[in-house]
There are 2 protein chains.
Amino acid sequence: MTRKRFDEMGCCVASALNEVGDWWSLLIVKQAMLGTRRYVDFQNSLGIAKNILCNRLSRLVENGVMVRVDVGEHGKRYEYRLTDKGRDLFTVVTALRQWSERWNGAQDSMKLVDRQTGEPLAPVTVQNQQGQPLTVRDVRFVDENGKPFEEAG
Amino acid sequence: MTRKRFDEMGCCVASALNEVGDWWSLLIVKQAMLGTRRYVDFQNSLGIAKNILCNRLSRLVENGVMVRVDVGEHGKRYEYRLTDKGRDLFTVVTALRQWSERWNGAQDSMKLVDRQTGEPLAPVTVQNQQGQPLTVRDVRFVDENGKPFEEAG
DNA sequence: CCACAATGGTTGCAAAACGAAACCAAATAA
DNA sequence: TTATTTGGTTTCGTTTTGCAACCATTGTGG
């Protein structure tokens, strides 16, 4: 009775969640985006149990989200760094952050600003090719043949 | 030894994950965005255990992501619908979907298109006020006072 | 060089969450 | 009226989580 596998549900969202959909993984990724690289620093900043951290880091490395780099003079000192795939989760993490700020109020001491201008970021939105923002009501789900998706039931 | 609580970590991302950060919640939200509303349809389309589904729907309702609407003629028939807060997760779900398509290949039979034009959506990106896309390297984390955040360690 | 702390784990245990299946009552359809 | 659908709850065995203890290297201060 293992946890349900999401990677074979034929759904992109499911297979994304299969990689980073647990309680800790995205928090680890977010922390890495803040600059954290060392095992101990992840542990202290997140307050995560060591065995869970170990397990999550391994899974993130397995899935190509992070890499373990040997930085010891004679081995046995490591850094965990985001890969391109991991850094590409920036959109997801930022969207989550803004969603939480918008609906739960900003209980975060940290703010994200444009490095160049120091201005706050624009809200992350889904857009069409012309850059117009789209809500879920402005899109359609179609199958390979372009036919509109019909909900069973 | 309860599951670690994320809502008091003083981090927006953490408190977002506290609401929708488990394996199933975002999948339920995604399914609701496809049009699913009924308990049984969620169960069949996701293949989730009934007790877990029940628990997750309750939590989503508690957190204001969905509402339970009575649609029975004499009660006892319900629909679960997204609230504005729930619909606002569209960005997160779409970013996850695109991330997975980009890095794991598209194993999804479903495509998202602009309802008006039928064109595929633009990639979700983080942007500055001028609409320029930003990567994680183009942003800075600052505290309330505007001082740059320094990583401990 | 030696003692001591830090790093990056692993192991064992108890509590909690999960998954599957059985069961159940109300509402609806045949 | 009987059967089926809906929306659950209960039970039970397995897995995951959190905590603390332990351990082998690796660095550091003297």
Side-chain angles (χ1 to χ4, degrees), chain A residues 1-9 14 17-28 31-32 36-62 66-81 151-153, chain B residues 1-9 14 17-28 31-32 36-62 66-81 151-153:
Chain A
M1 256 171 261
T2 331
R3 206 204 82 226
K4 187 95 177 179
R5 293 186 57 114
F6 286 170
D7 49 353
E8 286 160 15
M9 288 178 64
L17 290 172
N18 198 57
E19 294 190 4
V20 295
D22 71 290
W23 296 104
W24 285 110
S25 295
L26 272 184
L27 266 191
I28 293 173
Q31 196 63 35
T36 304
R37 297 180 165 195
R38 298 297 287 269
Y39 185 91
V40 197
D41 294 329
F42 283 110
Q43 213 214 311
N44 294 334
S45 56
L46 295 175
I48 182 177
K50 297 178 78 172
N51 48 353
I52 307 292
L53 174 59
C54 205
N55 175 283
R56 290 306 184 274
L57 286 173
S58 306
R59 266 170 47 80
L60 288 169
V61 169
E62 265 178 48
M66 303 188 82
V67 271
R68 192 172 84 150
V69 181
D70 197 323
V71 295
E73 310 253 321
H74 315 83
K76 203 87 163 50
R77 282 293 183 281
Y78 306 108
E79 281 188 2
Y80 290 88
R81 299 187 195 158
E151 172 69 18
Chain B
M1 249 171 265
T2 329
R3 207 206 81 225
K4 187 96 177 180
R5 293 184 57 116
F6 285 172
D7 49 353
E8 286 160 15
M9 287 178 64
L17 291 173
N18 198 57
E19 295 190 6
V20 295
D22 70 291
W23 294 106
W24 285 111
S25 295
L26 272 184
L27 266 192
I28 293 174
Q31 196 63 35
T36 303
R37 297 179 166 196
R38 299 297 288 270
Y39 185 92
V40 197
D41 294 330
F42 282 110
Q43 212 214 311
N44 294 333
S45 56
L46 295 175
I48 182 177
K50 296 179 78 171
N51 49 354
I52 307 293
L53 174 60
C54 205
N55 176 281
R56 289 308 184 273
L57 285 173
S58 306
R59 266 168 49 79
L60 289 170
V61 169
E62 265 178 48
M66 302 187 85
V67 271
R68 191 172 84 151
V69 181
D70 197 324
V71 295
E73 311 253 322
H74 314 83
K76 203 82 163 49
R77 280 294 183 282
Y78 306 109
E79 281 189 3
Y80 289 88
R81 299 187 195 156
E151 173 69 18

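All heavy atoms count here, side chains included; hydrogens, waters and symmetry mates do not. The chains referred to below are lettered A, B, ... by the order of the sequence lines, with proteins before strands, and numbering in each begins at 1.
Here A/Arg56 lies in heavy-atom contact (under 4.0 Å) with sugar-phosphate atoms only.
Between the CH2 atom of B/Trp24 and the P atom of D/dT16 there is a distance of 14 Å, given to the nearest Å. For A/Leu27 and D/dT17, the CG to P distance is 14 Å, given to the nearest whole Å. Rounded to whole angstrom, the span from the NZ atom of B/Lys4 across to the P atom of D/dG18 amounts to 8 Å. The CH2-C1' distance, from A/Trp23 to D/dG18, rounds to 15 Å in whole Å. Atoms CG (B/Leu53) and C1' (D/dT9) sit 13 Å apart, rounded to a whole Å. Per the geometry, CG belonging to B/Asn55 stands 10 Å off P belonging to D/dT9, to the nearest Å. Atom CG of B/Leu46 and atom P of C/dG19 are 12 Å apart (whole Å). Atoms CZ (B/Arg5) and P (C/dA17) sit 12 Å apart, rounded to a whole Å.
A/Asp22 pairs by the side-chain contact (heavy atoms from CB on, under 4.5 Å) definition with A/Trp24, A/Ser25, A/Arg56, B/Trp23, not counting sequence neighbours. Not counting sequence neighbours, A/Arg68 has no partner by the salt bridge (charged side-chain N to carboxylate O under 4.0 Å, His left out) test. Every side-chain contact (heavy atoms from CB on, under 4.5 Å) that A/Ala32 has, sequence neighbours left out, goes to A/Phe42, A/Met66, A/Leu82. With sequence neighbours excluded, the residues forming a side-chain contact (heavy atoms from CB on, under 4.5 Å) with A/Lys76 are A/Tyr78, listed by chain and number.
Remark: side-chain polar atoms of A/Asp41 are not paired, donor with acceptor, to backbone N or O of A/Arg37 under 3.5 angstrom.
B/Arg81 is listed as a side-chain neighbour of B/Val71, based on a closest heavy-atom distance under 4.5 Å. Looking at B/Leu17 and B/Met9, their side chains never come closer than 4.5 Å, going by heavy atoms from C-beta outward.
Residues B/Glu19 and B/Arg59 come closest through the heavy atom pair O-NH2, 3.6 Å.
Across its full length, the helix from C/dC1-D/dG30 to C/dA30-D/dT1 shows an angle of 30° between the axes of its 5 terminal pairs at either end, rounded to 10 degrees.
With B/Tyr80 as the fixed residue, the side chain to side chain contact (heavy atoms under 4.5 Å, CB included) test singles out one of B/Val69, B/Leu57, B/Ile28: B/Leu57.
Comparing A/Asp22 and A/Gly72 along DNA chain D, the residue whose closest nucleotide (by nearest heavy atom) sits nearer the 5' end is A/Asp22.
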Heavy atoms under 4.0 Å is the rule here; annotate nucleotides 4-10 of chain C 5' to 3' with B where the base is hit, S where only the sugar-phosphate is, and - elsewhere.
--BSBBS
